[in-house]
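Reviewing the structure listed below.
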Amino acid sequence: MENQSQKQIRKISELVEIGYPRQYLLEIYRSGAKINGDYCAFKGNKRNSPILFNVEILRKYQNQVEQRRLDSRLHGRRSG
């Protein structure tokens with residue numbers, strides 16, 4: 001039996017259950033966010049397919065966004 005915390009691909013509903021805000025995930029999906037050419041979120045071929053997230057790529061994307069935020073804060077400060 002697969003451990004839920006180890007699951008690589010998750011539905012948006014599963015991520016919402018563990019605490020991710022739905023709107024945040026939808027924004028990532030709609031933006032087409034990628035890391036090294038791999039999408040964080042995608043849908044299957046059918047029109048009513050659920051939105052799926054590659055959890056590893058999602059985490060890398062979040063780390064990259066946070067690092068950029070921190071970098072911009074540091075570069076925005078002036079030495080006094």
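Bear in mind that the values here come from a model prediction, so they are computed numbers and not experimental data.
In this structure, Phe42 and Asn54 approach most closely via the heavy-atom pair CE2-N, 4.3 Å. Contact detail for Ser49 and Gly44: the closest heavy-atom pair is CB-N, 3.5 Å.
No continuous path of hydrophobic side-chain contacts links Val65 to Leu74 [ILVMFWY only; heavy atoms under 4.5 Å].
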Exercise for review: Using the side-chain contact (heavy atoms from CB on, under 4.5 Å) rule, take Ile9 and Val55 through it: C-alpha gap first, then chi angles, then the decisive distance, then the call.
Suggested key: CA-CA 6 Å; Ile9 303 296; Val55 177; over 6 Å; no
Exercise for review: Check the pair Arg30, Glu27 against salt bridge (Lys or Arg N to Asp or Glu O under 4.0 Å), reporting the backbone distance first and the verdict last.
Suggested key: CA-CA 5 Å; Arg30 291 178 183 139; Glu27 288 174 17; over 6 Å; no
Review point. Step by step, would you call Asn63 with Gln67 a side chain to side chain donor-acceptor pair (under 3.5 Å)?
Key: CA-CA 6 Å; Asn63 289 339; Gln67 187 61 50; over 6 Å; no
Exercise for review: Apply the test side-chain contact (heavy atoms from CB on, under 4.5 Å) to residues Leu25 and Leu58: give CA-CA distance (whole Å), side-chain angles for both, the deciding distance (0.1 Å), then the verdict.
Suggested key: CA-CA 9 Å; Leu25 295 170; Leu58 177 60; 4.3 Å; yes
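Put simply, the side chain of Phe53 reaches to within 4.5 Å of the side chain of Ile12, judged on heavy atoms. The shortest side-chain heavy-atom distance between Tyr24 and Gln62 falls under the 4.5 Å cut-off.
The OH atom of Tyr20 lies 8.0 Å from the CD1 atom of Ile28; values are rounded to the nearest 0.5 Å. Expressed to the nearest 0.5 Å, how far CD1 of Ile57 lies from NZ of Lys34 amounts to 11.0 Å. One finds the CG atom of Asn48 at 7.5 Å from the NZ atom of Lys43 (value rounded to the nearest 0.5 Å). Considering NZ of Lys60 and CG of Asp38, their distance stands at 8.0 Å, rounded to 0.5 Å. Remark: Leu52 CG to Tyr29 OH distance equals 9.5 Å, nearest 0.5 Å. A distance of 13.0 Å separates SG in Cys40 from CD1 in Ile51, rounded to the nearest 0.5 Å.
A salt bridge does not link Lys11 with Glu14: none of the charged nitrogens is closer than 4.0 Å to a carboxylate oxygen.
Within 6.0 Å of atom CZ in Arg69, more than 12 heavy atoms from other residues, nucleotides or ligands are found, so the atom counts as buried in its surroundings.
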